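Right, one structure below, let's go through it.
The structure presented is a predicted model; accordingly, all values stated were derived computationally and were not measured. Letters A, B, ... are given to chains in the order of the sequence lines, protein chains preceding strands, and every chain is numbered from 1.
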Amino acid sequence: MPVVLHDTLSREMRPLLLKAGKSTFGMYCCGPTVYGPAHIGNFRTFTLQDVLRRTLEVDGLKVKHVRNITDVDDKTIRGAQAAGQSLNDFTKKWTEKFHADCKALGLLTPQVEPSAVEHIPQQVAMIQALVDRGHAYVSKDGSVYFKVHSCKDYGKLSHIDFSKQETQATNSAGEANDADEYERESASDFALWKSRKPDDGNNFWPSPWGEGRPGWHIECSAMSLAHLGATFDLHGGGIDLCFPHHENEIAQTECATGINGFAAHWFHSAHLLVEGEKMSKSKGNLFTLDELVAKGFSPMEVRYTLIAGHYRTSLNFTMKGLEDARSALGKIERGAEKLLHAAGFTQKEFAMPAVIEKQTSWGRFAHAWEVLQHDLNIPGCLGQIFTVLADKHEVSAQQAREDLSGLGKILYALGLALFADVAGPSAPANVVALAAQRWAAKQAKDFAAADRLRKEITELGWTMLDHKDGYDLKKSV
RNA sequence: GGCGCGGUAGCCAAGUGGUAAGGCCGGGCUCUGCAAAAGCCCCAUGCGUCGGUUCAAUUCCGACCCGCGCCUCCA
């Protein structure tokens with residue numbers, strides 16, 4: 001049974017299958033603009049795309065995942081100048097940070113991560129094709145704009161009828177459009193090439209229309225064309241990109257190549273709210289992964305939280321949600337541990353890739369997998385996992401092995417790595433010393449001293465967890 | 001105004017034309033120097049409101065109320 005997913009363009013549930021004659025499933029995802037650390041909202045989208053890719057792979061599809069790096073635009077140029085660095089040095093730094101965060105969150109590396117700067121010739125060629133075909137025009141200052149009204153299908157993704165807005169002087173929000181400022185023929189036309197401005201500094205490239213830099217939308221069209229061709233299987237991104245970015249991508253690519261059917265499927269993920277509010281710098285609720293790790297949460301807990309809501313519903317990200325995720329993950333680990341014990345396996349033997357390659361059974365997790373395959377219903381799938389794990393009946397070694405095969409594959413698809421040694425931040429020396437003293441006091445049965453020391457440790461923001469033969473220190477949340 | 005998404009227990013969150021998965025929290029018990037952890041048990045006659053269709057609706061249809069997103073470069 002193939003994975004079935006809701007498609008934004010057709011608004012239908014559609015199976016994700018290999019096209020006739022193709023051996024790989026081409027998937028393009030709009031990547032980050034590397035001008036600072038990506039926040040958890042960005043990572044919700046990237047993580048959901050990762051789960052989709054993994055799910056398709058477990059389903060047996062060979063996926064070619066392309067995710068670009070936007071390393072030239074207003075924000076990167078401004079950021080580089082503010083930092084007193086070259087654009088290249090500046091974006092390289094943030095690209096590396098992005099990769100480090102991806103790795104921590106367990107995101108698989110895309111097969112191709114094209115850089116916009118490195119695809120400027122392809123972008124110029126595409127703009128030239130659009131000019132040649134009458135879909136774009138050059139303005140007085142040497143900028144090039146896409147002529148929206150030359151594309152009869154424009155608006156098909158976001159389901160907006162642009163033919164009725166032919167001569168409008170206001171945009172659809174009722175605000176005046178200052179079309180003159182950009183020398184555009186129509187308010188809905190958008191820039192393909194931006195002529196060189198003093199603010200750009202050294203960041204300009206040659207083109208048939210003079211020096212300048214590419215517009216944002218053309219990057220993705222040029223890079224998807226270069227790496228996946230004029231048509232491919234699936235395009236993903238945050239819901240905010242649906243219009244205008246993705247609408248423009250369709251128009252650019254289809255008009256430049258003359259081939260219809262840019263992306264066969266559109267996968268948009270809903271946004272993340274933080275404590276019930278939209279994320280914004282002014283509200284101070286723009287969390288990065290580092291900030292959450294500093295609060296004592298593991299990247300895996302963050303990952304669980306990010307995927308625990310359905311991708312088409314906005315997710316309210318809260319600290320309590322992270323704590324919930326911690327408990328839930330622990331529950332899955334204990335359940336898996338129990339199955340491993342029944343099966344006679346070690347944790348090491350539960351290593352995901354081995355399970356994927358060698359096992360075909362789904363055991364009692366067959367239903368959980370079916371749920372996941374249906375519109376990437378991660379919360380439903382997790383519910384099924386817990387339902388099976390809660391079963392109190394004794395399981396045979398054979399049953400446990402089949403179950404682990406299924407559970408292993410599902411957890412791989414979700415990208416939830418169990419039994420990882422997530423140490424978290426280590427305790428400061430004074431806390432470590434107090435813990436050692438308390439342990440000694442406890443061994444000496446000096447419980448009054450032990451209790452007093454526990455109190456001190458707690459006041460310093462740490463929790464001491466006693467075991468039979470030792471103890472752990474965890475940062476209090 | 002246009003387009004789209006959603007309103008399910010204290011919180012989070014699935015789902016179905018036939019009588020509400022799951023996680024967290026909370027309560028009880030077991031275990032335990034203390035504190036945790038863990039294990040077991042309990043926890044929505046109810047699914048925004050009002051109508052309609054139906055033997056039967058939270059699930060379909062209609063209206064309404066409320067929240068949210070996008071509407072030119074925010075994943």
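One finds a side-chain N or O of A:Lys331 lying less than 4.0 angstrom from the OP1 or OP2 phosphate oxygen of B:G23. For A:Arg11 and B:G4, the shortest distance from a side-chain N or O to OP1 or OP2 is below 4.0 Å. Within the structure, a side-chain polar atom (N or O) of A:Lys75 is placed less than 4.0 Å from OP1 or OP2 of B:C74. Side-chain nitrogen and oxygen atoms of A:Lys392 include at least one within less than 4.0 Å of the OP1 or OP2 phosphate oxygen of B:C40.
For the side chain to side chain donor-acceptor pair (under 3.5 Å) test with A:Asp240, the passing option among A:His245, A:His271, A:His268 is A:His271; the others fail.
Checked against B:G39, B:C74, B:G33, the side chain of A:Arg334 finds its nearest nucleotide in B:G39. Distance from the side chain of A:Phe46 is smallest for B:A75 among the nucleotides B:C71, B:A75, B:C3. Closest to the side chain of A:His39, out of B:C71, B:C24, B:A75, is B:A75. Between B:G10, B:C73, B:C34, one nucleotide has an atom nearer to the side chain of A:Arg438 than all others, and that is B:C34.
Across all strands, A:Phe386 comes closer than 4.0 Å only to sugar-phosphate atoms, never to a base (heavy-atom distances). At the heavy-atom level, A:Asn377 lies under 4.0 Å from the strands shown only through sugar-phosphate atoms.
Between A:Asp74 atom CG and B:C74 atom C1' the separation is 13 Å, expressed in whole Å. Separating the NE2 atom of A:His271 from the P atom of B:C71 is a distance of 10 Å, rounded to the nearest angstrom. B:A14 atom P lies 12 Å from atom OH of A:Tyr311, rounded to whole Å. Atom pair A:Trp216:CH2 and B:C73:P shows a separation of 9 Å (rounding to whole Å applied).
Remark: A:Glu254 engages A:Lys156 in a salt bridge, criterion side-chain N to carboxylate O under 4.0 Å. Salt-bridge check for A:Asp324 with A:Lys320: passed, with a basic side-chain N closer than 4.0 Å to an acidic carboxylate O.
Annotation for A:Glu394: atom CD does not count as buried by contact number, only 12 or fewer foreign heavy atoms lying within 6.0 Å.
Separation of the C1' atoms belonging to B:U72 and B:A21 is 43 Å when rounded to the nearest angstrom.
Residues A:Phe98 and A:Phe46 place their aromatic rings such that the two centres sit under 6.0 Å apart.
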